[in-house]
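Encoded as structure tokens, the structure appears first; notes follow it.
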Amino acid sequence: MLVKIGQASINNEASESTSQEISNELELVSTFDQILKLTLNRDFLINNFPLSKTRKKKFPHLTSLHLFVEKVIETLKRGWENRVANFLIFWNKVQSTATPLKKPNILIEDSGLLEEETVLIGLRFLSDWKNPVTRGPPADAVEAKEFREFYGEKSELRKFVDNAICEAVVWTTGVDEENLQLIPILIAKHLLSLHFKISESKLDLVTAFPMDLISQISSFMRVTQAYDKLAQTLRTLKDLPLTVVNIQCFSSYYRKTEPFPPPVTLPEKDKNCSVDGDFLKLRPNYHAQLFYNPSIEVMISLEQTGRWGDNMHVIAKLKTAFYMELAKALKVQKFKTFPFESRILVMVDSIVFSMSIFQARELAILKKHEDAGNKAQIPKNMDSKTMEKLFVHKPHMLSQLHSLSQRFSAFGESCQLARRWLSSHFLGDTFEEVALELLLAKVFLDSDVKENLQPMTPFAGFTQFLYLLVKHNFVQEPILVDVNTTWSASKKEEIVKNFQKMRPVLPAVTIITPEDEIGSRFTRSKPEAVLLTRIISLANVAIKAISGHVMGSLELDFKTLFHGDTSIYDIVINLLHHQVARSHSQHEADSKSNSSILPIIDYDPVEKLVAELRNSYDSVALFFYDKYGGSSIGVLLRPSFRQNRPVRISSCQIRAKTKDGTELLPDVQALIEDFRIIGKRLIKEIEINPSLKI
């Protein structure tokens, strides 16, 4: 049982030491940016914070631990000033005072304490929480002596950029994220040791994700810098038939929400490829590890003109001609360009951008041809609704999500964890990328509006995402995401009422934004209700495991949360390791390399295999895989395929006759043989679940 025994709001100087039971441990875990665990010895508490008989009689439930907390709060408040908005202290109290927790941790009823007591400290951070230096008063100020006494020998004189010479404490000289996230606990350890003689080993950070689960925001700077360089050049290009008036990058690499940044590679050193002029070609029988090189999507718009005409096929040809002219103009600016029929590839500092043109006029023309029933003018695999979603609604929403990644420092890394967690459980493509990031946006925006304190660490963002999945009733309530805070309270009520009226025809997850008040634009096709239930179940298991770890009842390696269970699948297709292009290990080279050879881009054999299997056998089975380096594909046979069917020609696919010839039964062995043929060069072995009867 957790009991709150102290809290401090550093902003308004309010603090208290009152007892209050916490009923929801899951909510507690998802509330704080960091949680520290302090282990205290009973003798230390009794000897240093004795409880008078008078006070004990007046407050029967008061212990020496409460007196300790009263003292330590003021010390921590001062040490965490300008870093921590508020913090709460909880006593992880055993349920029964009659039963010992474990030997020799036995309760002495007179003191109300066990031999060892655990205190949890939950912190909510301010934006400057990772500042490696605590700046004190000027050296000649009266307060300088008090500052030196408070921080002890760690205090030193330093000259700052404004030429002021002040007292200061440097907590770390490392600038990497792993060192910076430890600054609050380093401060607490030092102050507890200096003022309370508590060993630094008694204080632990229990909510730090291993850094190899997260790509630091700085690792995406190559993409940002290359895009800025390209965009600036495009805006100043001369001698083009039409001026470029708008440029937008809507890649997850640019938003820094992708789990892994583009690898720094030298294409000409790729053992799987041979150089053919300005291109790389994949060798027919490659055996070395593949590496995934993504292209960064960029959409450009041109100035308005009436010369485009109304013929969609002619417009496509004009766009191709413009790509060729654009390639010539960029070559003059020393960019390496590769024009194609439907796009142009541009290499900027080893980053490959895939640029395409979209004009608003195209959508109007396409709608006109659809209304007139002029099918000859409608491009293959494209209709006005799809075009509007891909080139109008999606870029607009991704632009807002990019603004959130700039506004909230932990947004990108929290999205990385959410993507990687879903993918590790073979559910990475259950949500469209926009829908998934809107769920994270909901987490950050709600915290910002309600408390003016958004999650400041990936741990907080990710656990609040899990808690949202667990606590939200997706059947009865929509997800409301208002990025620019445009809705009034009455407007929200109106939206919810409309949702309730339309609920029977809305998708399993309904995400309503000011631009989409129906809420189905990015969730209409997925996730399916059965997969959403699976995700909620996994989120519940994950957040309970994290809670158990924080409370001390469970030893947890956070990496285990990112390992899927293949035993639930009927068939598991194991892949050859060198064919897994998105393997977590990245092929590093000179980060300053600027090769002029176009690498093989967007090539992921596993993704293509899964797409082929889904296209061919969607009516037979569901296929799941880990997009980010998973070496297996999980196959679940559909219930309709498991059932015997009457003998009909239309029902013969992957089926064999029963012995009496009256019915068709599922032929799993034939299905597996098909898998082997399709994935001949990728598949290592295929395993069948022993519980599957074939």
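In what follows, residues are counted from 1 in the order of the sequence shown. Because only heavy atoms are used, hydrogens play no part in the values below, and waters and symmetry mates are left out as well, while side chains stay in.
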List the atom of Ile296, the atom of Cys249, and the distance in Å for their closest heavy-atom pair.
CG2-SG, 3.5 Å
How close do Phe44 and Ile198 get, counting heavy atoms only, and between which atoms?
CZ-CG1, 3.7 Å
Using 0.5 Å steps for rounding, measure from the CD atom of Glu432 to the CD atom of Glu437.
12.0 Å
Please tell me whether Ser424 and Asp626 have a donor and an acceptor in their side chains that are separated by less than 3.5 angstrom.
no
Check whether any side-chain heavy atom of Leu40 sits under 4.5 Å from a side-chain heavy atom of Lys202, and report yes or no.
no
Taking all atoms of both residues into account, what is the closest heavy-atom pair of Phe87 and Ile121, and its distance?
CD1-CG2, 4.1 Å
Quick one: do Arg419 and Glu258 make a salt bridge, cutoff under 4.0 Å?
yes
For Glu116 and Thr39, which I'm curious about, is there any donor-acceptor pair between the side chains at under 3.5 Å?
no
Quick one: closest heavy-atom pair of Val572 and Thr566, and the distance?
CG2-O, 3.6 Å
With the side chain counted from C-beta on, respond yes when Phe431 and Ile535 share a heavy-atom pair under 4.5 Å apart, and no when they do not.
yes
When rounded to the nearest 0.5 Å, the distance separating CD of Glu167 from OG of Ser155 is 4.0 Å
Walk me through whether Ser252 and Arg255 qualify under side chain to side chain contact (heavy atoms under 4.5 Å, CB included).
CA-CA 5 Å; Ser252 55; Arg255 296 191 305 279; 3.5 Å; yes
Salt bridge or not between Asp429 and Lys627? Use side-chain N to carboxylate O under 4.0 Å.
no
Crowding at NZ, Lys544 (>12 non-hydrogen neighbours, <6.0 Å):
no
Side-chain touch Phe426/Ile568, heavy atoms, less than 4.5 angstrom
no
Answer whether the closest heavy-atom distance between the side chains of Phe474 and Leu469 falls below 4.5 Å.
yes
CG of Leu438 to NZ of Lys442, rounded to nearest 0.5 Å, is 11.5 Å
Atom OG of Ser414 and atom CD of Gln454: how far apart are they, to the nearest 0.5 Å?
10.5 Å
For Ser215 against Phe220, the heavy-atom pair lying closest together
CB-CE1, 3.8 Å
According to the salt bridge (charged side-chain N to carboxylate O under 4.0 Å, His left out) rule, which pairs have a member within residues 401-418, sequence neighbours left out?
Arg407-Asp448
Thr560 and His563 side chains, donor-acceptor separation under 3.5 Å
no
Any side-chain heavy atom of Leu466 within less than 4.5 Å of one from Ile546?
yes
With the side chain counted from C-beta on, respond yes when Pro184 and Phe125 share a heavy-atom pair under 4.5 Å apart, and no when they do not.
yes
State, to 0.1 Å, how close Leu561 and His425 come at their nearest heavy-atom pair, and which atoms those are.
O-NE2, 3.0 Å
If you count every heavy atom of other residues, nucleotides or ligands that lies below 6.0 Å from Glu178 atom CD, does the total exceed 12?
no
Check the pair Phe462, Phe209 against ring pair (Phe, Tyr, Trp, His ring centres under 6.0 Å), reporting the backbone distance first and the verdict last.
CA-CA 10 Å; Phe462 178 63; Phe209 278 115; 5.7 Å; yes
Derivation of the side chain to side chain contact (heavy atoms under 4.5 Å, CB included) call for Val483 and Leu445:
CA-CA 7 Å; Val483 175; Leu445 290 169; 4.2 Å; yes
Could you walk me through whether Leu120 and Met551 pass side chain to side chain contact (heavy atoms under 4.5 Å, CB included), step by step?
CA-CA 8 Å; Leu120 299 175; Met551 304 308 163; 3.7 Å; yes
Rounding to 0.5 Å, atoms NZ (Lys492) and CG (Asp482) come to a distance of 6.5 Å
When you look at Ile73 and Lys77, which way does the side chain to side chain contact (heavy atoms under 4.5 Å, CB included) test go after all the steps?
CA-CA 6 Å; Ile73 279 179; Lys77 278 179 65 177; 3.9 Å; yes
Residue Glu156 excluded, over 12 heavy atoms near CD under 6.0 Å
yes
Test side chain to side chain donor-acceptor pair (under 3.5 Å) applied to Thr63 and His66, step by step:
CA-CA 5 Å; Thr63 69; His66 292 80; 2.9 Å; yes
Straight-line distance of Arg420 CZ to Phe562 CZ, nearest 0.5 Å:
7.5 Å
Taking the side chain as everything from C-beta on, heavy atoms only, tell me whether Glu177 gets closer than 4.5 Å to Ile214.
no
Just wondering, do Leu194 and Phe150 contact through their side chains at under 4.5 Å, heavy atoms?
no
